[in-house]
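One structure is given here, and the rest of the page talks about it.
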There are 2 protein chains.
Amino acid sequence: MNLKSQVEWALHCCAILAGLPEGRHLAAKDLAELHGLPKEYLSKAMQSLSQAGLVATTLGPQGGYRLAQAAEKITFLDIVEAVEGRRNTFACQEIRKNNPCRPAKQRETKPCAIARVMWEADEAWRDRLRRVSLAELVETVGREVPKAVLERTAEWIAARS
Amino acid sequence: MNLKSQVEWALHCCAILAGLPEGRHLAAKDLAELHGLPKEYLSKAMQSLSQAGLVATTLGPQGGYRLAQAAEKITFLDIVEAVEGRRNTFACQEIRKNNPCRPAKQRETKPCAIARVMWEADEAWRDRLRRVSLAELVETVGREVPKAVLERTAEWIAARS
DNA sequence: CTAATTACGGATAACAAATATCCGTAATAC
DNA sequence: GTATTACGGATATTTGTTATCCGTAATTAG
């Protein structure tokens, strides 16, 4: 039960995009290099973000990605679900129907009680991710990461113009 | 990001075991037949429960599984973790270390801010599962499943003595 | 206009994890 | 002794993750 590593990549990339100067884009190639990731595969994750409307893209030289919404509007859940999908972690196979003691034809009135509990837990997980915005992440990072690193990263990005 | 189907199986089996008459065991073979599951593979899940101390086993004829603790003491989380393991869904790869703008040698003072948020969500998920006991599940099932089905299942089990 | 750069999508391959199946061993009830 | 049971190791099958490659279309710089 692991999230795809693409989820981690997407979160880090969004954090970078949130810190980008106004009007600036960053190409998948640069995002990959900045994080030490395979460019082609990272692109797939970015495409998921694009399809979800979280990032906007521009083609051609000087093109690339930028946030499509304010960092305050984008939540961890938005990013996670864009990449990982919206399925529950618990996939109920309705094995209760295999019980030979059940009437074959009878319609189930409620979802399985086990599945309900598991789905509530999934919802609690999502709830928590919904409560943290990209803006809050950026703020935390700004507080915790040494200024020198932040500045050098900004320069590194500026040099890619 | 799916839980193993063994998790579902284990939960259903525990529900059955919780309803077993005092001193009675149920063999993997019967649990498998009752749920329409592959016996050998279901056994692996039951072995995980056994190793976690949630169920007790007896060898030989009339042997099999029973709960090792009161149904009130066993939580959903106990069962889920016994089968699925205790790892977080988010496995931080520390890709921030790949950033060429970071000093190579410097020790990270804190876990990655992204990982912290993701792990909090995992903990919220676990919290929810910790709050529901096997006893509560049995009570819900007793309320929702038609009496006739419960009785026939009890008879089916009794016939396996 | 041309050439370089970019995102995007489809096809495919490599690898890991989940889902089994098989069988030998030891313990236990009758 | 014989049948039954859980257990653990070995192995196969299937599915999902992690890539890689390449052609297409859009865009910009010169």
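Residue numbers start from 1 in every chain, and the chains themselves are labelled A, B, ... in the order their sequence lines are given, proteins ahead of strands.
Residues A:Gly64 and B:Arg87 each lie close to DNA chain C; by heavy-atom proximity, the contact nearer the 5' end of the strand is made by A:Gly64. Ranked by how close their nearest DNA chain C nucleotide is to the 5' end, A:Met1 and A:Gly63 are led by A:Gly63.
Residue B:Thr58 places no side-chain N or O under 4.0 Å from the OP1 or OP2 atom of C:dT28. Considering only side-chain N and O atoms, A:Ser5 lies nowhere under 4.0 angstrom from the phosphate OP1 or OP2 of D:dT17.
Here the side chain of B:Arg66 pairs no donor or acceptor atom with the backbone of B:Gly23 at under 3.5 angstrom. Under a 3.5 Å cut-off, the side chain of A:Glu8 and the backbone N or O of B:Gln93 do form a donor-acceptor pair. Counting only distance, with no hydrogens or angles, the side chain of B:Asn88 and the backbone of B:Phe90 share no donor-acceptor pair below 3.5 Å. For the pair A:Arg102 (side chain) and A:Arg96 (backbone), a donor-acceptor distance under 3.5 Å is present.
Note: CG (A:Leu26) to P (C:dA7) measures 9 Å, nearest angstrom. Across the protein-nucleic acid pair, B:Trp9 atom CH2 and C:dT19 atom P stand 7 Å apart, rounded to whole Å. In this structure, B:Asp30 atom CG and D:dT4 atom P are separated by 12 Å, rounded to whole Å. We find that CG of A:Asn2 is positioned 13 Å from C1' of D:dT18, with the value rounded to whole Å. The distance from atom CG of B:Leu3 to atom C1' of D:dG16 is 15 Å, rounded to the nearest whole Å.
Annotation: salt bridge (Lys or Arg N to Asp or Glu O under 4.0 Å) contacts of A:Arg160 (sequence neighbours excluded): A:Asp30, A:Glu33.
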Using the 3.5 Å cut-off, write out each protein N or O paired with an N or O of nucleotides 2-4 of chain C and the distance between them.
none

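By the 4.5 Å heavy-atom criterion applied to side chains, A:Arg86 and A:Arg126 are not counted as neighbours.
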For every nucleotide of nucleotides 8-15 of chain C, 5' to 3': is a protein heavy atom under 4.0 Å from its base (B), only from its sugar-phosphate (S), or from neither (-)? BBB-----
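At a cut-off of 3.5 Å, with distance as the only test, a side-chain donor of B:Glu136 or B:Ser133 sits close to an acceptor on the other residue.
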